[in-house]
Amino acid sequence: MSMAQSPEPLDVDRESTRTGMSKTALKQGFLDNLFYIQGRFREVATPHDLYMAAAYTTRDRILERWIKSAQHYKSNQSRTVCYLSAEFLLGPHLANNLVNLGIVETATEAAHELGLDFDAIIAEEEEPGLGNGGLGRLAACFMDSLSTLQIPSIGYGIRYEFGIFDQTIEDGWQVEKSDNWLRNGNPWEIPRPKIRFPVFYGGYTEQYRDHDDRTRTRWVPAQIIDGVAYDTPILGYGVGNVNLLRLWKAEASESFDFQAFNVGNYYGAVHAKIEAETISKVLYPNDEPEAGKELRLKQQFFFVSCSIQDMIRLQFNTVGPLDSFAEKFVVQLNDTHPSLAVAELMRLLMDEHDMDWDRAWDITHRVFCYTNHTLLPEALETWSVSLFERLLPRHLEIVYEINRHFLDEVRIRFLGDEERVRRMSLIAEDGERRVRMANLAVVGSRAVNGVAALHSELVKTTLFKDFHDFWPDRFHNVTNGVTPRRFMVVANPRLARLISETCGSDDWIRDLGRLRDLEAHAMDSGLHERWHAVKIAAKRDLAAWLKHRTGVLLDPEAIFDVQAKRIHEYKRQHLNLLHIIRCYQRIKQSPNQDMVPRAFIFGGKAAPGYFMAKLIIKLINAVAEVINNDPQINGFIRVVFMPDFNVKNGQHLYPAANLSEQISLAGKEASGTGNMKFSMNGALTIGTLDGANVEIREEVGKENFFLFGMSADEVGQHQREGYRPWEYYARDAELKSDIDLINSGLFSHGDTQLFRPLTDRLVNQDPFMVLADYRAYIACQDHVAEAYRDHQHWTRMSILNVARMGKFSSDRAIREYAEHIWRTEPHPIGL
Ligand code: GL4
């Protein structure tokens with residue numbers, strides 16, 4: 001381009017350095033932010049300064065759209081989805097926002113011209129790990145899709161000062177390090193010190209007569225804590241819509257308790273402040289709730305109360321009277337963690353806004369919808385009535401009252417069936433009396449859904465059978481999905497480019513069904529070659545990353561066989577391990593056999609208090625140490641544990657996998673979403689008929705999926721007939737020898753006791769039926785190895801997996817929620 005044609009010098013004059021999308025505007029914006037926000041110039045800027053400047057430059061461009069969206073939503077009084085979730089596992093923002101703004105290339109070039117290492121800047125970001133796993137990540141995917149589908153929405157949650165712990169591996173064991181993610185500042189959030197609500201705890205309730213001489217109730221709390229809003233803009237892909245993620249931070253309502261201060265109790269006063277702030281201090285690192293933790297109940301009420309008060313404020317600011325609250329807002333409860341919202345809305349409508357019970361209930365039960373995410377009994381939240389009453393005395397009264405109205409209806413419908421009444425009650429009366437949060441959520445909601453077809457069926461026929469008998473129309477299925485922006489475009493740019501070139505457009509990024517266009521090319525050898533090259537490149541990248549972090553070197557030609565998810569017995573990482581030990585023994589027995597090389601890659605965190613999960617991590621690392629250092633194995637199989645699996649590190653994993661392990665016991669994994677992330681990056685799945693695996697297999701075709709193991713029905717039948725794992729152990733010589741090898745001390749420097757708790761549990765109890773599925777799993781893995789030998793065929797299956805994954809976009813899931821459950825319309829904001 002000649003100088004005369006270059007529009008660049010003019011651009012900066014015409015375009016703001018804060019909103020302009022040209023390379024020149026980006027460069028100027030970056031330098032301005034480096035100077036005016038970080039107070040640095042190039043020569044002295046640290047990598048972190050550069051990242052911050054890049055983040056602010058990106059944020060500036062989002063803010064313009066955000067303001068427009070907010071103005072439009074306000075003036076149109078648009079119906080708003082409020083997604084209440086104790087977890088949002090967002091992952092790094094920068095790369096994702098650049099993709100959604102459509103300026104990745106321009107930004108890359110701009111960075112290059114400034115002499116900056118763009119990848120290093122992206123890598124500098126510390127992710128907000130405000131979630132444990134699938135449930136929290138789903139909330140983040142849904143936020144992306146809500147914005148992309150232009151649906152007005154607010155995500156409400158907690159601004160944990162410490163998110164999910166950082167995991168390191170020391171001597172093979174998991175070690176937890178606190179996640180101080182805010183240490184270096186968070187450029188994506190905007191504090192709103194004036195959006196602040198009081199949250200009450202403890203104390204007592206009393207009745208009084210109001211000016212109309214009506215009896216009313218008032219809650220006199222023992223403690224008041226403030227919740228302060230911190231807003232993060234969530235930009236949609238290729239649209240002008242920006243929605244809001246509003247997270248609450250707990251603060252003391254006054255920095256000093258002056259009374260205490262005046263009598264000289266300065267330390268006591270400061271103590272109260274510290275205590276207030278503990279509420280939003282740390283995320284509970286369990287996938288399922290830890291029984292009876294008072295602080296967790298306080299956290300739940302904290303964010304629920306702030307969020308409902310905020311919605312009422314917004315109602316007054318936009319529409320006006322509260323009568324139309326259920327038309328203005330729909331609230332989706334992400335699991336039972338926010339189900340106190342039902343009682344809190346009732347309280348606010350009645351005690352603060354003068355409504356009588358019937359009007360308040362009519363609004364409340366039209367506002368809420370509830371998603372169930374698990375059938376595991378230990379994950380179903382209950383709170384002891386005594387703790388509940390001590391912390392939330394008014395809410396206990398309201399729960400009792402809801403229960404009284406509800407059980408009256410049940411009694412009328414099912415005359416004399418007191419057993420049913422007992423099962424459906426919001427209060428469990430066997431043993432210590434407890435509040436059943438799931439029952440509260442079902443009774444308080446107009447729609448209840450599971451997260452995959454099989455799961456939703458089990459919700460209706462087992463967990464909530466009584467409720468389904470009572471309200472059959474209340475129950476729905478919305479199969480989970482994941483965002484292709486984060487998990488394809490950001491994580492796997494090479495594949496994204498190849499797909500766009502092959503399909504002739506990048507429309508698939510917003511309409512994932514368009515991936516079907518790939519099918520026409522599934523036999524094309526030219527595509528095969530490029531597809532294979534993309535996969536190998538990702539495998540090389542991952543191998544380099546893992547070599548750097550763990551010292552283990554992987555062969556990029558080997559099958560990359562990956563299991564990455566929370567460590568849990570029901571997910572059966574130990575079944576995978578038994579297969580690895582089988583491979584090891586086979587090589588030891590006949591070293592010269594013709595085996596397909598494999599790299600077994602694990603990633604995942606164990607809840608710090610979950611002993612068995614931590615022992616599984618230790619065993620993975622112990623097996624890795626022996627196999628990786630055995631000269632006879634000679635690298636034929638390798639085992640590696642990726643430390644600190646999180647969103648950011650996961651982005652290295654999905655593109656590189658050939659085989660995705662989805663091997664939970666059928667009926668236990670509600671949906672799974674990692675299964676989708678792997679498959680849409682071209683991995684084939686080895687899996688059971690569990691969760692969304694069932695639907696993935698239906699979509700990609702059974703010939704492109706490695707199925708094994710019992711179905712959920714067979715599992716149930718087997719359990720009813722009496723499951724005796726020791727019989728499998730005794731009957732199957734190979735299985736026996738694999739377990740015995742663990743007990744021999746080979747993997748534990750001669751210690752024959754270290755892994756006993758694990759092997760004993762397998763042989764004597766085996767609650768997740770690892771031994772029953774072992775034989776089928778080994779046979780299926782042998783099919784995998786055979787299939788991998790035919791590279792052409794494997795690549796074709798890989799292409800077809802990607803081509804047929806359209807259903808598993810979170811855009812589809814959100815569209816279903818919007819149409820069938822929320823009844824909301826898009827409100828497009830022009831660019
Ligand atoms: C989970 C399920 O275990 C998981 O299968 C599902 O994909 C996810 C999102 O719906 O929710 N439930 C809990 S609890 N944690 C999860 O990850």
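Sequential numbering from 1 along the given sequence is applied to the chain's residues. Remember, it's 1-based here, ligands and their atoms both numbered in the order they're listed.
Annotation: cation-pi geometry satisfied between K677 and F487 (NZ/CZ under 6.0 angstrom from ring centroid, within 45° of ring axis).
Without hydrogens or angle criteria, R246 side chain to G155 main chain gives no donor-acceptor distance under 3.5 Å. In this structure, the side chain of R697 does not engage the main chain of L689 through any donor-acceptor pair within 3.5 Å.
Legend: residues meeting side-chain hydrogen bond (donor to acceptor under 3.5 Å, both in side chains) with R815, ordered by chain and number and at least two apart, are absent. Judged as a side-chain contact (heavy atoms from CB on, under 4.5 Å), and not counting sequence neighbours, the contacts of E176 are F165, Q174, P608, K614. Among residues two or more places apart in sequence or in another chain, the side-chain hydrogen bond (donor to acceptor under 3.5 Å, both in side chains) test is passed with H476 by none.
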Name each N or O atom in ligand 1 that is under 3.5 Å from a protein N or O, and give the partner atom and the distance.
from, atom 1, to, atom 2, distance (Å)
ligand 1, 3 (O), Y570, OH, 3.4
ligand 1, 3 (O), E669, OE1, 3.1
ligand 1, 5 (O), E669, OE1, 2.6
ligand 1, 5 (O), A670, N, 3.4
ligand 1, 5 (O), S671, N, 3.1
ligand 1, 5 (O), G672, N, 3.0
ligand 1, 7 (O), G672, N, 2.9
ligand 1, 10 (O), H373, ND1, 2.6
ligand 1, 10 (O), N480, OD1, 2.8
ligand 1, 12 (N), H373, O, 2.8
ligand 1, 17 (O), G134, N, 3.4
ligand 1, 17 (O), L135, N, 3.1

